[in-house]
Protein chains: 2
Amino acid sequence: MDTICSIEPGDSLIDMETLERVAPVIRNVAHPLRLRILDYLDREGEPRSVSEIMAAADADQPIVSQQLRILKDQGVLMARRDRNFVRYEIAERSVLLLLACIRSHQGARK
Amino acid sequence: MDTICSIEPGDSLIDMETLERVAPVIRNVAHPLRLRILDYLDREGEPRSVSEIMAAADADQPIVSQQLRILKDQGVLMARRDRNFVRYEIAERSVLLLLACIRSHQGARK
DNA sequence: CCATAAGATTATTATATCACTATATTAACA
DNA sequence: TGTTAATATAGTGATATAATAATCTTATGG
């Protein structure tokens, strides 16, 4: 069957390779607790320990550690050990666009 | 890379209610095929039929219909019947921020 | 009414993610 | 060496999401 609407080769749709690469990252970030963690780290502006993040997120330690690992595995966060603390900070600042978007829509239309 | 959106001291964290509301929407959009569909509809600028979207996404009909339904259920797309075609268009334009972000990072590092 | 085209829904099976509990690691220090 | 604080990992069962195939619905034209 003939194409009803042909897509020209010159069209600049984002290539599937890129979409398949970034989708999991966005998808992993798009989790309430992980967004909260990122929001907190973004606002603090400096590396924060797991304990501090637990307090900010009001969540249990294993859950927080798990979320931190997911974010670190995706390259969104980086961790650095300091004595017996581990401090996390944002490594991939492009995710902040997501937060900026959410902040600007806070309380807005559904 | 500098801050995308400066944060004033004293600002509070995004409330969990908001995060829990927007996370599923972002998460649902963050799927390669759905991103491709949104990219296509965004670039076309006008409602497109399922057949046209199938061609653009290079995907089977039931899969495309399913993705369209997910996006419509989330309020990201809206549909309108025209004879025996159904034309979809973007209803929630804030998701375009995501696409803009991806486009700007296309072909970038890592 | 029948056939066909355009879409939508359902069923199935595999995989992924969730929160939670329990346990393990790691480093400081007594 | 033993203890404790800080963090990480592993196991578990419930729920969610994936791609695919098969079937159903709706609208048009003969």
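Note that the coordinates shown come from a computational prediction; the quantities given were computed from them, not determined experimentally. Chain identifiers are assigned alphabetically (A, B, ...) following the order of the sequence lines, protein sequences preceding nucleic acid strands; residue numbering begins at 1 within each chain. Side chains are part of it too, since the values below use all heavy atoms of this structure and drop only hydrogens, waters and symmetry mates.
Residue A:His31 has a polar side-chain atom (N or O) positioned under 4.0 Å from OP1 or OP2 of C:dA19. At D:dA6, none of the side-chain N or O atoms of A:Arg83 fall inside 4.0 Å of OP1 or OP2 (strictly under the cut-off). OP1 and OP2 of D:dA6 both lie 4.0 Å or more from every side-chain N or O belonging to A:Arg81. For B:Tyr88, no side-chain nitrogen or oxygen approaches OP1 or OP2 of C:dA6 to under 4.0 Å.
The side chain of A:Ile70 has C:dC18 as its nearest neighbour among C:dC18, D:dA19, D:dA8. In the set D:dT7, D:dA19, D:dA27, the nucleotide with an atom closest to the side chain of B:Asn84 is D:dA27. Of the candidates D:dT7, C:dA19, D:dT20, the closest approach to any side-chain atom of A:Val86 belongs to D:dT7.
Between A:Gln67 and A:Ile37 the shortest side-chain heavy-atom distance falls below 4.5 Å. Between B:Ser65 and B:Val50 there is a side-chain heavy-atom pair separated by less than 4.5 Å.
A donor-acceptor contact shorter than 3.5 Å links the side chain of A:Arg34 to the backbone of A:Asn28. B:Arg48 places no side-chain N or O within 3.5 Å of a backbone atom of B:Tyr88 that could act as its donor or acceptor partner.
Taking atom CD1 on A:Ile63 and atom P on D:dT9, their separation rounds to 16 Å, with Å as the unit. For the pair A:Asp60 CG and D:dA8 P, the interatomic distance rounds to 15 Å; values are reported in whole Å. One interatomic measurement links the two molecules: CE of A:Met54 to C1' of C:dC20, which rounds to 14 Å at whole-angstrom precision. Regarding B:Arg69, its CZ atom lies at a distance of 22 Å from the P atom of C:dA6, rounded to whole Å. The nearest whole Å value for the distance from the CG atom in B:Leu68 to the C1' atom in D:dA19 is 16 Å. When rounded to the nearest whole Å, the span between NZ of B:Lys72 and P of C:dA8 equals 7 Å. Following rounding to the nearest Å, B:Asp82 (CG) and D:dA27 (C1') show an atom-to-atom distance of 12 Å. Per the geometry, CG belonging to B:Asn28 stands 14 Å off P belonging to C:dT17, to the nearest Å.
Shown here is B:Arg43, whose CZ atom has more than 12 heavy atoms of other residues, nucleotides or ligands within 6.0 Å.
Nucleic acid contact class of A:Gln67 (heavy atoms, under 4.0 Å, all strands): sugar-phosphate only. Across all strands shown, A:Ser51 has heavy atoms under 4.0 Å from sugar-phosphate atoms exclusively, and none from any base. Contact annotation for A:Arg48: no contact, since no heavy-atom pair falls under 4.0 Å across all strands. Contacts of B:Arg27 with the nucleic acid, taken as non-hydrogen atoms under 4.0 Å apart, involve only primed sugar atoms and P, OP1 or OP2.
Between A:Pro62 and A:Arg34, the one whose closest nucleotide on DNA chain C sits nearer the 5' end is A:Arg34.
At least one cation-pi condition fails for B:Arg36 and B:Tyr40: the charged atom is not both under 6.0 angstrom from the six-membered ring centre and inside a 45 degree cone around its axis.
One donor-acceptor pair, N or O on each side, does fall under 3.5 Å between the base of C:dA8 and the side chain of B:Gln61.
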